[in-house]
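Everything below concerns the one structure shown next.
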Amino acid sequence: MPSPTGAARRSLLVACAAHALHDGYTDLIYLLLPLWQAEFGLGFAVLAALRGTYVGSMALLQIPVGHLAGHRFSARGLLALGTVLAALGYAVAGASGGLAGLVLGLALSGAGSSTQHPIASAVVSRAYGTAARGPLGTYNFAGDLGKAALPATTSLLLAWLSWRPTLWLLAGFGIACAALIALGLPRRAGMAPARCDAASPAAGPGGARGGFALLLGIGVLDSAVRMGLLTFLPFLLQAKGADMPMVGFALSLVFLGGAAGKFVCGLLGARFGVLWVVLATEGGTALLILGLLALPLGSALAVLPLLGMLLNGTSSVLYGTVPELTAAAKAERAFAVFYTGTIGSGAVAPVLYGWLGDGVGVPWATVATAGTALATLPLAALLVPRLAQDRRPHG
């Protein structure tokens, strides 16, 4: 395997910075909701709608952005512009005097963040070619670092400043990141090769389209498991005797394990292939979910970091496989469709599992998430014949 060029490394570094910022912006909302509730007297339904405004704006625009990138606009310019828009959205929210301003600001910021996943993923994919699985795992790991770092930094700022100037500072940080993208991303980053009418040669028999549908199906189910379990986890722990501070600590254990899982499984996927990693992560997830139901509180807390690793680890391998099933000229569109499907699944799945929990109780609904994890295994087995990289010996 050839060593990556300096341009490839620079592309990966800038893409990681963009992912960290945009994912940090996305999860920052959780920290801000109680402040907005206190200042504007908002109910929980309205607070949930504010979160939905950001995520919905981001999800709905990813596919249109994927069509624009590389055709009417350069990847570098569109990603930098989207980052500016995401930052300005938070500036607008900081200047708002009520609900309407918050909705406008979050809609703008979500629209700006819609550029990040399809474009930055495609930039890394094209920079590394057939060796992109590992770098894409690193790129996904960077997003988890942003989810941890930006809310934590904001918490420190809020100890000295009110939330409005804090958001303006964070908007300024976003503008600086946009400048990094505009200046640091190689000029030809994300550009497709001249001949790109067919699917990647790594796509095996059966065609890229069938393989991509299988990959998307695995991603949708994987996201459903993750978001469904996280919905029920606080209630499971409370039933075992955990108080709210302990529940918060437990969630931190899951998220830290998840960040490590994305990094480690991205590397393992590049070496051992999709099938073995999916078998390990999804099969292990199902077993640990069932174990979580039976274990006492102390033992349950001890397995949460490993559970977090397995819950998040599959996604790095799946994202890293998208380029193998996609024509080079359509990388942005493919990543846009893939991210839209997985984000949409993460939004819908908790509602469906919630209805099930209302009907049969939280423990049985949690068992259903384990069953969903196992449902990915036959799809992974069907996918492997379409992946030339997985059919080659690993050593």
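Counting from 1, the numbers follow the sequence of the chain as shown.
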Testing the basics here: between Leu311 and Asp222, what is the closest heavy-atom pair and its distance to 0.1 Å? O-OD1, 3.7 Å
Check: Asn140 side chain, Leu136 main-chain N or O, donor-acceptor pair, under 3.5 Å: yes
For Leu104, the other hydrophobic cluster members (4.5 Å side-chain criterion, sorted by chain and number) are Leu85, Val92, Leu108
Okay, side chain of Ser114, backbone of Ala111: is any donor-acceptor separation there less than 3.5 Å? yes
Just jot down the side chain to side chain contact (heavy atoms under 4.5 Å, CB included) partners of Leu180, sequence neighbours excluded, or say none. Ala17
The remaining residues in the hydrophobic cluster of Leu88, counting side-chain heavy-atom contacts under 4.5 Å among Ile, Leu, Val, Met, Phe, Trp and Tyr, are Val84, Ile175
For the side chain of Ser57 and the backbone of Tyr54, is there at least one donor-acceptor N/O pair under 3.5 Å apart? no
Would you name the heavy atoms of Ala259 and Asn312 that are closest together and state the gap between them? N-ND2, 4.5 Å
Val225, Leu287: one ILVMFWY side-chain cluster at the under-4.5 Å cut-off? no
Using side-chain heavy atoms (C-beta onward) and a distance below 4.5 Å, is Pro305 in contact with Val254? no
Keeping Ser96 on the side-chain end and Gly101 on the backbone end, is there a donor-acceptor pair under 3.5 Å? no
Classify the ring geometry between Trp163 and Phe40 as parallel (under 30°), tilted (30 to 60°) or perpendicular (over 60°). perpendicular
Below 4.5 Å, heavy atoms only, C-beta onward: do Leu301 and Leu297 meet side chain to side chain? yes
Using modelled atom types only, decide if a donor and an acceptor are shared between the side chain of Lys240 and the backbone of Phe235 within a distance under 3.5 Å. no
Find out if a path of hydrophobic residues (ILVMFWY) with successive side-chain heavy-atom gaps under 4.5 Å connects Leu295 to Leu236. yes
Under the side chain to side chain contact (heavy atoms under 4.5 Å, CB included) test, residues paired with Pro165 that sit two or more places apart: Leu161, Ser162, Trp168
From Leu13 atom CG to Thr138 atom OG1, the distance as rounded to the nearest 0.5 Å: 11.5 Å
Among Tyr25, Phe141, Tyr139, the one residue meeting ring-ring contact (aromatic ring centres under 6.0 Å, His included) with His19: Tyr139
With His22 via ring-ring contact (aromatic ring centres under 6.0 Å, His included) - residues at least two apart: none
Side chain to side chain contact (heavy atoms under 4.5 Å, CB included) for Gln116 and Gln62? Distances and angles first, verdict last. CA-CA 9 Å; Gln116 189 274 133; Gln62 285 186 125; over 6 Å; no
When every non-hydrogen atom of Leu50 is compared with those of Leu106, the smallest separation belongs to O-CD1, 3.6 Å
Any side-chain donor near an acceptor of the partner, Thr314 and Thr281, under 3.5 Å: yes
Any side-chain heavy-atom pair of Thr369 and Ile289 under 4.5 Å: yes
In terms of heavy-atom contacts, Leu293 and Pro363 come closest through CD1-O, 3.9 Å
Do Thr372 and Tyr353 get their side chains close enough for a donor-acceptor pair, meaning under 3.5 Å? yes
Heavy atoms, side chains only, cut-off 4.5 Å: are Leu268 and Trp276 in contact? no
Would you compute the distance between atom OG1 of Thr342 and atom CG of Leu216 and round it to the nearest 0.5 angstrom? 8.0 Å
Are Val384 and Leu374 grouped together when hydrophobic residues (ILVMFWY) are joined by side-chain heavy atoms under 4.5 angstrom apart? yes
Can you measure from CG (Leu307) to CG (Leu233) and round to the nearest 0.5 angstrom? 7.5 Å
What pair of heavy atoms forms the shortest contact from Leu379 to Ala375, and how long is it? CG-O, 3.9 Å
Side chain to side chain contact (heavy atoms under 4.5 Å, CB included) between Asp23 and His117, intermediate numbers included: CA-CA 10 Å; Asp23 274 21; His117 282 129; 3.7 Å; yes
Is the shortest heavy-atom distance from the side chain of Leu99 to the side chain of Trp36 under 4.5 Å? no
Not counting sequence neighbours, which residues clear salt bridge (charged side-chain N to carboxylate O under 4.0 Å, His left out) with Arg10? List them please. none
Ser345 side chain to Val220 main-chain N or O, any donor-acceptor pair under 3.5 Å? yes
Distance check, rounded to the nearest 0.5 Å: Cys177 atom SG versus Leu79 atom CG? 8.0 Å
Side-chain heavy atoms nearer than 4.5 Å, only ILVMFWY residues, links allowed to pass through others: does that put Ile63 and Phe338 together? yes
Here the gap from Leu169 atom CG to Thr153 atom OG1, rounded to the nearest 0.5 Å, amounts to 11.5 Å
Polar contact flag, side-chain donor to acceptor under 3.5 angstrom, Ser11-Tyr128: no
For Thr83 and Gly174 the tightest heavy-atom approach is CG2-O, 3.5 Å
I'd like to know if the side chain of Ser121 reaches the main chain of Pro118, judged simply by a donor and an acceptor atom lying under 3.5 Å from each other, with no hydrogens or angles considered. no
Check: Gly219 main-chain N/O paired with Ser223 side-chain donor or acceptor under 3.5 Å: no
Leu170 and Tyr90, any side-chain heavy atoms less than 4.5 Å apart: no
Same cluster for Val337 and Val322 if Ile/Leu/Val/Met/Phe/Trp/Tyr side chains link at under 4.5 Å? yes
Atom CZ in Arg226, atom CG in Leu310: separation rounded to 0.5 Å? 12.0 Å
